[in-house]
Amino acid sequence: MRTIKLAMLGYGNAGRAFKSLLEEKADDLADAYDTSFEFVSIVTKSKGDLLGSPTDTAMDVAVNADYDVLIELTPLNILTGEPAISHIEAALSRGKDVITANK
């Protein structure tokens with residue numbers, strides 16, 4: 001079975017719901033795709049990486065963490081797209097896949 005390592009930036013309502021849904025459907029996904037998912041990092045602005053160092057920022061994780069897919073759910077400035085754009089660019093520059101709920 002293949003394991004996909006996930007790093008989630010932002011853990012508000014959308015992040016919590018996504019994690020809960022993924023955990024709820026884990027057996028179905030494993031059966032259908034022979035794939036499991038592991039959260040290796042969940043970053044909040046106020047608490048840092050909940051699964052790693054509390055001093056790690058979202059950008060630290062995007063640039064340095066060992067993940068396969070970055071899930072970008074941070075609040076952003078609607079005019080500049082930041083910090084989401086920088087997080088996404090960092091992940092893509094490393095050849096990582098990215099999922100975002102930002103528009």
Side-chain angles (χ1 to χ4, degrees):
M1 178 175 299
R2 177 174 85 144
T3 299
I4 296 176
K5 295 181 280 186
L6 306 172
M8 183 183 299
L9 308 182
Y11 197 50
N13 292 333
R16 290 174 200 272
F18 178 78
K19 184 175 184 287
S20 177
L21 183 61
L22 193 60
E23 290 170 345
E24 179 183 316
K25 299 293 184 182
D27 290 340
D28 294 337
L29 293 167
D31 291 343
Y33 301 104
D34 196 33
T35 302
S36 66
F37 299 90
E38 174 189 4
F39 284 91
V40 297
S41 181
I42 298 174
V43 180
T44 73
K45 185 174 183 177
S46 63
K47 296 181 183 173
D49 189 345
L50 300 176
L51 304 178
S53 172
T55 60
D56 281 351
T57 66
M59 186 56 81
D60 292 334
V61 169
V63 171
N64 298 311
D66 180 22
Y67 61 87
D68 300 308
V69 179
L70 182 77
I71 304 166
E72 213 301 328
L73 300 170
T74 61
L76 59 79
N77 178 307
I78 195 69
L79 299 176
T80 65
E82 293 296 344
I85 288 176
S86 292
H87 299 152
I88 292 167
E89 288 175 341
L92 293 176
S93 73
R94 296 180 61 199
K96 306 297 184 180
D97 292 320
V98 176
I99 298 170
T100 183
N102 292 319
K103 298 175 185 108

Validation row: T55, D60 side chains within 4.5 angstrom (heavy atoms): no
Any donor-acceptor N/O pair, D56 side chain to G48 backbone, under 3.5 Å: no
From CD1 (I88) to OG (S93), nearest 0.5 Å: 12.0 Å
Minimum heavy-atom distance between S41 and L51, given as atom pair plus value: N-CD1, 3.7 Å
Test item: D49 side-chain N/O and I42 main-chain N/O as donor-acceptor pair under 3.5 Å: yes
ILVMFWY network linking L50 to F39, side-chain heavy atoms under 4.5 angstrom: yes
Test item: R94 side-chain N/O and A62 main-chain N/O as donor-acceptor pair under 3.5 Å: yes
Separation of I71 CD1 from L9 CG (nearest 0.5 Å): 9.0 Å
D97 CG to I4 CD1 distance, which is reported to the nearest 0.5 Å: 8.5 Å
Other ILVMFWY residues reachable from M1 by side-chain steps of under 4.5 Å: none
Residue pair V61 / A7: nearest heavy atoms and the distance that separates them: CG1-CB, 3.9 Å
T74 vs V43, side-chain contact (heavy atoms from CB on, under 4.5 Å): CA-CA, chis, key distance, verdict: CA-CA 9 Å; T74 61; V43 180; over 6 Å; no
Side-chain cluster (under 4.5 Å, hydrophobic types only) that V63 belongs to, other residues: M59
Same apolar cluster (I L V M F W Y, side chains within < 4.5 Å links), I99/M8: yes
Euclidean distance, H87 NE2 relative to L70 CG, rounded to 0.5 Å: 8.0 Å
Spatial distance of atom CG (N13) from atom CG (L73) [nearest 0.5 Å]: 11.0 Å
Face-on cation placement of K96 at Y67 ring, 6.0 Å and 45° thresholds: yes
CZ-NZ distance between F37 and K25, expressed to the nearest 0.5 angstrom: 13.5 Å
P83 to L76 - nearest heavy-atom pair and separation: CD-CA, 4.1 Å
Heavy atoms of other groups near D28 CG, more than 12 under 6.0 Å: yes
Any donor-acceptor N/O pair, R16 side chain to Y11 backbone, under 3.5 Å: yes
Neighbour count above 12 (heavy atom, 6.0 Å) for D31 CG: yes
